[in-house]
Structure formats: C-alpha cells, structure tokens
Trainee: 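Quick one: the structure is below, questions incoming.
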Amino acid sequence: KVTFGPTGANQSWVVPAGITAIYVKMWGAGGGGGNSGGWAIGSPGGGGGCSIGIIPVTAGETLYIVVGVGGQTNYAGSQTTRYGGGGGLYNNSDNRYCGSGGGYTGIFRTSIAQGNALMIAGGGGGGGASRFDFGNKGGAGGGTTGQTGESSYDSRYTSGGGAGTQSAGGTGGAGQNGAAQNGSALTGGYGGVPNAFGGGGGGGYYG
C-alpha cells in the first residue's frame, strides 16, 4: 500500500518490478467555506469527489500524482488557482465573503496534462455568503457531472456556478457586475463580482 497526501507540489511513483496493475482510491479536495462578512451566514464549500478503479501499468514506469489542496476562506489569490486547479476569485477588492475551490486529485502517465490522465477525482466548489440559510453553498465535485453551486443572494437563484462535465468546464456564477470565468481543463473557474460573494470552482478533468 502506498499513500500520497496533499503537499502542494507534484509527486511521482515508480512502478515496482512484477506489478502489472494497481488498485487506486482517490479523493478530490473540498472547497473552502464562505465567511459571513456583512451578510448573515457563511455557506459551506462542496465536498470533493471519490474515484476508485484498477489501472494497468508497466513495471519501471513513472506515474505522476497530483493531490489537490483544500479550498481556503478569504483566499487572497485573485485569479490564481489553488494547487490541483481549485478556482480563485475574480479579484481581491473584497474577498471576505468567499472560499476558493478545492483542487482535483489525479494520476497521470508521462506528464501532468489532461490528455495523460489515468484517473481524476474532482474538487468541490467554494462557498459564499448569504442573507439567509446556507443558500450560497459550493457544489460537490465528482461523477460524470459535478453538482451545481447554489445561490439565493437577493433571490438570484440562477446565479450559482454550473457543474463541470466530462467535456466542458462549469460556468462561473453570474455576479453583481458579471465577469465570471468558466472552468477549463484541470482548472476551476471563479465567480464574477469585484465584491466576491460566491466562491471559486473546484478543479477536475474539466473544472
């Protein structure tokens, strides 16, 4: 048994002699929770996905491993993603409300690139802030389609970020002034307000 944890850096593993297949279990990182800021409630981030399977390998080959880092509340990284592709913020003008998205966890052959992925578990989206309940929850990662983020802020029920799929990144949640960024290959998007009430998207095969 070999275990890899989040280090914030790429890792690698050489397949031992005599091994022709490996049984892999992996989890994407959860999104950071929102902070209430000037609103009533900070909403939770979404959980990361889980992937399990058997991967054929060749003895002596090097496999490359990403273990996503969890999302962070009050992420002061603007459009910079967390390790593993968890989305950041539109900008840092007012980052007190939202969390960044969690990074994906994945295993790759040859190099860390979408086309070389052998298995990926998506990260969860970051939470935001809301006037009531937990209405700006981050969506969970994983599955063939992730979970859509929620938004009840000022009754903007359709403003939550969209889910990533196997062929396209999730849409960035519409914001006070627009300017959201959709997810892309291995990278989560971010919500669209200078005053960032909604969190960043989780990383994944598509963010």
Side-chain angles (χ1 to χ4, degrees), residues 1-32 44-72 80-88 99-126 137-149 161-171 182-190 199-207:
K1 179 179 179 180
V2 180
T3 302
F4 294 88
T7 64
N10 300 341
Q11 301 175 65
S12 63
W13 181 68
V14 177
V15 179
I19 301 298
T20 59
I22 54 175
Y23 176 66
V24 179
K25 296 193 291 185
M26 61 174 62
W27 291 264
C50 174
S51 295
I52 300 173
I54 296 173
I55 300 175
V57 295
T58 301
E61 74 169 318
T62 300
L63 301 178
Y64 298 91
I65 297 154
V66 170
V67 181
V69 170
Q72 179 181 329
T80 303
T81 59
R82 296 282 281 167
Y83 179 74
S100 59
Y104 73 88
T105 293
I107 186 168
F108 301 81
R109 180 169 279 133
T110 306
S111 64
I112 295 172
Q114 187 188 45
N116 297 331
L118 299 173
M119 184 184 293
I120 284 179
K137 292 184 289 188
T144 55
T145 301
Q147 182 184 32
T148 299
T165 70
Q166 301 300 294
S167 59
T171 55
N182 295 344
S184 58
L186 304 182
T187 303
Y190 47 86
Y205 185 73
Y206 277 97

Trainee: Would you give the length of the straight line joining atom NZ of K25 to atom SG of C50, rounded to the nearest 0.5 angstrom?
Mentor: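 One finds 8.0 Å between NZ of K25 and SG of C50.
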Trainee: Okay, side chain of Q147, backbone of G139: is any donor-acceptor separation there less than 3.5 Å?
Mentor: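 Not confirmed, Q147 side chain does not pair with G139 backbone.
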Trainee: Mind checking side chain to side chain donor-acceptor pair (under 3.5 Å) for Q114 and listing every partner two or more places apart, or none if nothing turns up?
Mentor: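 In terms of side chain to side chain donor-acceptor pair (under 3.5 Å), with neighbours along the sequence ignored, Q114 is linked to no residue.
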Trainee: How long is the straight-line distance from CG of L63 back to CD of Q11, given to the nearest 0.5 Å?
Mentor: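 The distance works out to 12.5 Å.
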Trainee: Judged by atom type as modelled, is there a donor-acceptor pair below 3.5 Å linking the side chain of T7 to the main-chain atoms of A9?
Mentor: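 Present.
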Trainee: Calculate, to the nearest 0.5 Å, the distance between atoms OG and CD1 belonging to S12 and I65 respectively.
Mentor: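 If I round to the nearest 0.5 Å, the distance is 7.0 Å.
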Trainee: Between M119 and I52, which heavy-atom pair has the shortest distance, and what is it?
Mentor: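 In terms of heavy atoms, the two residues are closest at CE-C, 3.9 Å.
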Trainee: Considering residues at least two apart in sequence or located in another chain, which fulfil the side chain to side chain donor-acceptor pair (under 3.5 Å) criterion with T58?
Mentor: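 Applying side chain to side chain donor-acceptor pair (under 3.5 Å) to T58 gives none.
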Trainee: Please output the side-chain donor-acceptor pairs of residues 99-109 that fall under 3.5 Å, not counting sequence neighbours, one pair per line with the distance.
Mentor:
| residue | atom | partner | partner atom | Å |
| --- | --- | --- | --- | --- |
| S100 | OG | Q72 | N | 2.9 |
| T105 | OG1 | W27 | O | 2.7 |
| T105 | OG1 | G68 | N | 3.2 |
| R109 | NE | E61 | OE1 | 2.8 |
| R109 | NH2 | P56 | O | 2.9 |
| R109 | NH2 | E61 | OE2 | 3.0 |

Trainee: For the backbone of I120 and the side chain of S51, can you confirm whether one donor and one acceptor N or O come within less than 3.5 Å of each other?
Mentor: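 Side chain of S51 to backbone of I120, a donor-acceptor pair under 3.5 Å: yes, one is there.
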Trainee: side-chain contact (heavy atoms from CB on, under 4.5 Å), that's the test. Do W13 and F4 meet it? Break it down for me.
Mentor: CA-CA 10 Å; W13 181 68; F4 294 88; 3.7 Å; yes
Trainee: Walk me through it: do N116 and T110 pass the test side chain to side chain donor-acceptor pair (under 3.5 Å)?
Mentor: CA-CA 7 Å; N116 297 331; T110 306; 5.0 Å; no
Trainee: Any chance you could measure Y205, atom OH, to T144, atom OG1, to the nearest 0.5 Å?
Mentor: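 So the gap between those two atoms works out to 13.5 Å.
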Trainee: Using the side-chain contact (heavy atoms from CB on, under 4.5 Å) criterion, which residues pair with T165? Sequence neighbours excluded.
Mentor: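 T165 satisfies side-chain contact (heavy atoms from CB on, under 4.5 Å) with T145, S167, A168 only.
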Trainee: Once side chain to side chain donor-acceptor pair (under 3.5 Å) is applied, do any residues pair with Y83, and if so which ones, sequence neighbours excluded?
Mentor: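 So Y83 forms a side chain to side chain donor-acceptor pair (under 3.5 Å) with N10.
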Trainee: Can you name the side-chain contact (heavy atoms from CB on, under 4.5 Å) partners of T148, sequence neighbours left out?
Mentor: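 Residues passing side-chain contact (heavy atoms from CB on, under 4.5 Å) with T148: A163.
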Trainee: If I take atom OG1 from residue T20 and atom CD1 from residue I55, how far apart are they, to the nearest 0.5 angstrom?
Mentor: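 Atom-to-atom, T20:OG1 and I55:CD1 are 13.0 Å apart.
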Trainee: Can you list the residues that meet the side-chain contact (heavy atoms from CB on, under 4.5 Å) rule with I19, with sequence neighbours excluded?
Mentor: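 Here the qualifying residues are V15, P16, I22, V57.
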Trainee: Can you name the side-chain contact (heavy atoms from CB on, under 4.5 Å) partners of A59, sequence neighbours left out?
Mentor: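 Per chain and number, A59 pairs via side-chain contact (heavy atoms from CB on, under 4.5 Å) with no residue.
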